[in-house]
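As the structure lists them, so they are numbered: ligands from 1, and atoms in each ligand from 1. Worth saying up front: this structure is predicted, and the values here are computed from it rather than measured.
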Amino acid sequence: MNDLTLFFACICIIQPGLSGVNLNETNIWGPGLKPDKIVMPARYFFIQLACTERDQCISNSAQENLEVKIDGLTEQGTPCRSWINILNRKDGFYIVRYKIYVMCIDVKISVYYKGEHVGSSPYISKDIVFNDECRCPRDSLENIIKTWECGSTPLLIRKKLNHFPKIDWTQLRPEVIKTFDKPLSVSLCHYIIKDNRVHRKCYGKYVGFNMFMDAIFLSLTRKTKLPDLEIFVNLGDWPLAVHNMPEKYPIMSWCSSNDSYDIVMPTYDLTESTLENMGRVTLDVFSVQGNTKYLFEKRIPKLFWRGRDSNKHRLNLIKLSRENPDLINASLTNFFFYRDKQEEYGPKADYVSFFEFFDIHNARSLTVRETAFLNG
Ligand SMILES: *[C@@H]1O[C@H](CO)[C@@H](O)[C@H](O)[C@H]1NC(C)=O
Ligand SMILES: *[C@@H]1O[C@H](CO)[C@@H](O)[C@H](O)[C@H]1NC(C)=O
Ligand SMILES: *[C@@H]1O[C@H](CO)[C@@H](O)[C@H](O)[C@H]1NC(C)=O
């Protein structure tokens with residue numbers, strides 16, 4: 001240790017105030033602070049540390065100083081078991097997520113920085129805290145939408161719904177089935193919710209993806225009593241109810257377009273990663289945010305895409321990317337459907353993992369970063 005480091009070490013010991021984190025201004029918010037009101041498989045909330053200098057908020061030592069504790073009692077009066085995971089987004093924000101495995105009472109969430117409560121910690125739940133597996137439809141749907149602060153229906157979905165002010169299923173149901181029951185080209189499931197139970201019948205050959213739709217309906221019926229309803233869900237990769245058909249068909253889809261009536265909903269990757277957060281799926285939106293290597297500013301504003309050749313739009317994207325390399329970086333990782341076009345749209349690019357996907361930076365910014373690192 002030279003004199004200079006000793007000097008800095010002394011300042012830190014004598015003046016703890018210089019640690020740089022202003023506890024009073026630390027912000028904590030999110031649905032996971034109200035576990036008795038909002039039931040999720042993995043609950044989550046956010047912490048924004050207030051620092052005099054940003055680096056202090058994103059360093060490993062800041063993370064080590066942050067501690068979250070969850071106390072509660074089971075029905076038998078024993079302590080509730082929980083699993084907590086803190087993700088450092090490296091921009092001053094932290095994501096805390098946790099799982100509670102059984103029904104708990106007197107749940108108290110404490111957030112400490114260097115052993116002191118921050119934000120409005122502790123957060124105390126007055127009502128019973130249910131685990132997600134509990135079949136406990138306690139709240140009305142209206143209440144859930146309000147407490148979850150879902151906001152209004154997105155414009156895109158409203159626009160699609162506006163085509164169907166009234167649906168007469170007695171007339172439409174057999175028509176939809178007749179039109180789309182094409183085992184080799186369409187995968188469609190018909191859902192009926194009656195008395196809060198989910199019934200389904202699928203049409204088509206490859207309908208394994210119905211498990212994602214099943215999971216969402218089952219999760220909702222565990223939390224609330226859904227109204228009786230009937231819908232058709234398209235499990236395929238392209239819209240079905242295209243404009244040039246003789247009739248408008250109300251079909252829920254994971255994709256739509258300007259020339260189809262399909263009503264879009266969040267894709268199964270999103271619903272799956274929400275339901276399996278901290279569980280089977282580790283590559284969810286939160287894990288990715290907690291595993292980035294580069295600061296947001298170091299990334300380049302460019303569309304990045306990797307995938308295989310499953311439809312011709314993807315080939316068009318490769319063409320677009322070649323014409324606009326400053327805007328789009330797109331490559332195919334495999335050829336299967338258009339093997340004959342490999343020469344034109346190849347060569348095959350390396351597979352990019354989900355973690356790396358959101359961390360793409362260009363060589364120039366890496367150099368800048370490395371220079372800054374060496375200098376600082
Ligand atoms: C934080 O709040 C406490 C009490 O509310 C106050 O005494 C202290 O001066 C505040 N510190 C800062 C840095 O604002
Ligand atoms: C689709 O329609 C919207 C407006 O309704 C328009 O802004 C958008 O450019 C259209 N997209 C395509 C690909 O035509
Ligand atoms: C596209 O991204 C890959 C992976 O980061 C990179 O190796 C390649 O150089 C990029 N291409 C262009 C044209 O920027």
Would you call Asp132 and Lys223 a salt bridge, using N to O less than 4.0 angstrom? yes
Any ion pair linking Glu149 and Lys34 (charged N to carboxylate O, less than 4.0 Å)? yes
Below 4.0 angstrom from a heavy atom of Phe304, which ligand 3 atoms are there? Numbered from 1 as shown, please. 2 (O)
Of all the atoms in ligand 3, which lie at a distance below 4.0 Å from a heavy atom belonging to Lys302? 14 (O)
Contact check, side chains of Tyr203 and His190, non-hydrogen atoms, under 4.5 Å: yes
Stacked cation flag Arg81 on Tyr101, 6.0 angstrom / 45 deg: yes
Could you tell me whether Arg322 approaches ligand 3 through its side chain, its backbone, both or neither, with non-hydrogen atoms closer than 4.0 Å? neither
